[in-house]
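Hydrogens, waters and symmetry mates play no part in the numbers below; they use all other heavy atoms, side chains included. Starting from 1, each residue takes its place in the sequence as its number. Please read these numbers as outputs of a predicted model, since none were measured by experiment.
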Amino acid sequence: YPDKEGNFNEIISYDKSYYLPHAGMNISFSVKKLKKNELIPKNNYTKWFDCDKIYNVISIRNQKPEDYFVFNTSGNTKKLDDYYKNNKIKRDVRKTIPLITDGNHVMWILGHRTSEAYRVTENTERVLEVSVRFEE
């Protein structure tokens, strides 16, 4: 993990941590009830997602050709490959970037951005908290 082609794909369970040796990071997942007026962390390595907006099995993996994310509050989508090209991320680096995905919908491009589709709102009841910790 990753395999000899550089691919990796781990289906996650809540309340568990996963170690990605090639990226030198631990990623943990936990679900919690959102308290009224609770502040969302403004942190590059901890993200909150609305649990009720997740429709598939969540995975930690690298890019697949059909991957996309929602880039604005209007619900417009962008192919992940186009995002990488627009941000001048080299082709050999793209395959190493861990993604948190809901099927082919990319929830979080680690080190980059999250999909607007999972944004926590005043209607959110349960939050999936994803935290990244780097090895020292």
Are any non-hydrogen side-chain atoms of [X] and [Y] less than 4.5 angstrom apart?
| X | Y | value |
| --- | --- | --- |
| W108 | Y118 | no |
| H112 | Y83 | yes |
| V130 | I58 | no |

Strictly below 4.0 Å, N to O, side chains only: are E10 and K16 in salt-bridge contact?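 Answer for the salt bridge query: no.
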Is K53 salt-bridged to D102, going by a charged N under 4.0 Å from an acidic O?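 Result for this pair is no, no salt bridge flagged.
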Using the rule given for side chain to side chain contact (heavy atoms under 4.5 Å, CB included), can you reason through N26 versus V132, listing the C-alpha separation, both sets of side-chain angles and the distance that settles it, and then say yes or no? CA-CA 6 Å; N26 270 304; V132 176; over 6 Å; no
Any chance you could measure [X], atom [atom1], to [Y], atom [atom2], to the nearest 0.5 Å?
| X | Y | atom1 | atom2 | answer |
| --- | --- | --- | --- | --- |
| N86 | D81 | CG | CG | 10.0 Å |
| D15 | K32 | CG | NZ | 12.0 Å |
| C51 | E125 | SG | CD | 10.5 Å |
| L128 | D52 | CG | CG | 11.5 Å |

Check: T124/D50 side-chain N/O donor and acceptor closer than 3.5 Å: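 A donor-acceptor contact under 3.5 Å links the two side chains.
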According to a hydrophobic-cluster definition based on side-chain heavy atoms being under 4.5 Å apart (Ile, Leu, Val, Met, Phe, Trp, Tyr only), do [X] and [Y] belong together?
| X | Y | result |
| --- | --- | --- |
| F29 | V31 | yes |
| M25 | I60 | yes |
| F71 | I97 | yes |
| M107 | V120 | no |
| L34 | F49 | no |

Grab the two heavy atoms, one from [X] and one from [Y], that are nearest each other, plus how far apart they are.
| X | Y | answer |
| --- | --- | --- |
| G75 | V70 | CA-CG1, 3.6 Å |
| I11 | S59 | CG1-OG, 3.8 Å |
| P41 | W48 | CD-CE2, 3.3 Å |
| E66 | K79 | CA-NZ, 4.2 Å |

Restricting to side-chain contact (heavy atoms from CB on, under 4.5 Å), what partner residues turn up for K90, sequence neighbours left out?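 By the side-chain contact (heavy atoms from CB on, under 4.5 Å) rule, K90 matches D92, V93.
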Taking side-chain contact (heavy atoms from CB on, under 4.5 Å) as the test, write out the residues that go with D67, two or more places apart.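 Listed in chain order: R61, Q63, K64, L80, L99, N104, V106.
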Just grab all the salt bridge (charged side-chain N to carboxylate O under 4.0 Å, His left out) pairs involving residues 105-123, residues at least two apart or on different chains.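 Pairs touching residues 105-123 that pass the test: R113-E116, E116-R119.
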How about F69 and H105: are their ring centroids closer than 6.0 Å?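 Ring centroids of F69 and H105 are no less than 6.0 Å from each other.
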Is the backbone of [Y] close enough, under 3.5 Å, to the side chain of [X] for a donor and an acceptor to pair up by distance?
| X | Y | result |
| --- | --- | --- |
| N7 | D3 | no |
| T46 | S131 | no |
| N72 | S74 | yes |
| N62 | F8 | yes |
| K47 | N43 | yes |

